[in-house]
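For reference, the structure discussed in these notes is given below.
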Number of protein chains: 2
Amino acid sequence: MDAALSEFASKGLQGARAEEIARQSGAAKRMIYYYFTDKEGLYRAAIQHAFSSPSALGNLSDLEDMATLPALEEMIGRTFDMHVERPDFVRLLLQENFQHGEHIRTIPEISQGTRSTIATWRKLLDRGIREGLVREDVDPVKVHHSISALGQFYISNQYSLKANFDIDSSLPETVALQKKHVIDMICRWILRPSTKFGPSE
Amino acid sequence: MDAALSEFASKGLQGARAEEIARQSGAAKRMIYYYFTDKEGLYRAAIQHAFSSPSALGNLSDLEDMATLPALEEMIGRTFDMHVERPDFVRLLLQENFQHGEHIRTIPEISQGTRSTIATWRKLLDRGIREGLVREDVDPVKVHHSISALGQFYISNQYSLKANFDIDSSLPETVALQKKHVIDMICRWILRPSTKFGPSE
DNA sequence: TATGAAATGGACAATTTGGTCCATTTATCC
DNA sequence: GGATAAATGGACCAAATTGTCCATTTCATA
C-alpha cells in the first residue's frame, strides 16, 4: 500500500504503472487485481488509506492546558509536521486537485478533519484575542491555509529548492529551520504589534 | 503548445496522452512527431516554452521610484499575480518536482530568473531596513519562498478549497482577497512592530 | 498557374500496459 | 500431516497508446 501511495503520489492515476507498484511492494501483480479489481480500485484504496491514517493531526486536547502563546506555536508546529511526516499524502492531494478531485469526492471523512482543525484554531485564536495577544481580525481559515501552504511548498518543491537555492530538505536541520520559519512568520502575522515575540528584536 | 502545457501540467509526462494534446490543439497528431520526434520531445519543448515565456516577473525597475512600503506591497502583489496568471506553469513545475526534476535539469535559464528576483528583493528589503521600516533579520529568500508558497497553494488546491471551504477561485473577487491576504501577511511579518501598516489596528 | 513546402486524415504497425489464466508453491489451521 | 485458502510466477491475451505511412490537400510564393 505504501508502494501504491508513493507511485500514485508522484505520477498520478494515469501516470502510475501497476507493474512498478507490484515490483516495489514485493507482491505479485496478480494480487492487485485479486484484491482491488483494477488500477483505479487500488488508487481509491490508496487515497482512503492515506486519509484514514491514524494521525490527521492527532489529539489536540493538550493544547488547552498550555499558555496561549506556546499553544499557538505548538499548533503551528504540529500542522507543519503533519506535512513533513506524510509527503506522499501531500503530493497525492495535489495530484487529485490537478484532476479536479474526481476520486476524492467519494471519501467524506476528509472535510470532517479540516472542520475540526478549524474549530481548534478558532478556540485558540479567540483565547489569544481575549488575552490581548492576537489581533482581532485574524481569520482561522486563513491561518490554517497559510501554514498548509508553507508545509506543502517545502515538501513539494524539494528539487527546485535544491537546484535553485542549494537547500537540502533531506537534512533534519533544514526541516527544523523551515519549521521555525513558519512558526515565526505566522506568529508575527497574527500577534498584535505590541505582543512581545521571538528571539529577534 | 498551450494544449500540451495544459495536459502535461495536470497529468505529468507519463499520464498525458498525445492524442488528447493533438485533439485539444486542433492539430494533427502526426505533427507532434513531425516537429518534436516523440512525446518526451514535446514535453521538453513545453517546459522550455513555459520558462522562456515573456513575463517571468517582467520589468521591476519602476519599483525603485516608489516609496518603500508601496514598493514592497507592489513586489509581493506581482509575485503573487505571476502565479495566478500562469497556473499551468505552476502545476508543471510541481509535476517536475514530483519526478525529481529530471527534465528541467536541461534548462539553465531557470535559476537565472530566480537569482535576479532575489537580488531585487534584497535591494528593496535593504532599503526598508535603512529606513527603519523592515526588521533587520529578514531573509530575502524566505520572503520569496513564502509568497510563492501562498501563490502555489491557492492555484494548486482549487478543488480542495471549493470542496472543504466553499471558496471559488474562479471568481476574480476571490483572487483579489487572496492577494490581499498574502500582501497583508508578508508585510506584517517583515515590517517592524513599530511600523504602521494596514487598514486594521 | 506552377511549385514545393507545410499540414492533414486516417488507417495501421509497434510497443507498452492493463488485466487474466493456471499450475504450483507457500502459509494456515485443525 | 492433511485440507484449505492465500499467494506466486510468468506466460499470455486484450486493450490502449505511441509512433508511422501515404496519398491527398492546403497554402504561400514566384
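None of D126(B), D139(B), L72(B) except one satisfies the side chain to side chain contact (heavy atoms under 4.5 Å, CB included) rule with W121(B); the exception is L72(B).
Here the P atom of nucleotide dT15(C) and the CG atom of D38(B) are 14 Å apart, to the nearest Å. Note: NZ (K39(A)) to P (dT17(C)) measures 10 Å, nearest angstrom.
Considering CD of E131(A) and CZ of R192(A), their distance stands at 12.5 Å, rounded to 0.5 Å. To the nearest 0.5 Å, atom CD1 of residue I76(B) and atom CD1 of residue I186(B) are 6.0 Å apart.
Ring centroids of F89(B) and F51(B) are separated by less than 6.0 Å, placing the two rings close together. The ring of Y154(B) has its center no closer than 6.0 angstrom to the ring center of H83(B).
Remark: side-chain polar atoms of D88(B) are not paired, donor with acceptor, to backbone N or O of A9(B) under 3.5 angstrom.
Salt-bridge annotation for D184(A) and R188(B): absent, with no side-chain N of the basic residue lying under 4.0 Å from a carboxylate O of the acidic one.
Using cut-offs of 30° and 60° for the angle between ring planes, the H103(A) and Y43(A) rings count as perpendicular.
Within residues 24-33 of chain B, the residues having any heavy atom closer than 4.0 Å to DNA chain D are, in order of number, K29(B), R30(B), Y33(B). A heavy-atom distance below 4.0 Å to DNA chain C is reached by none of the residues of residues 12-23 of chain B.
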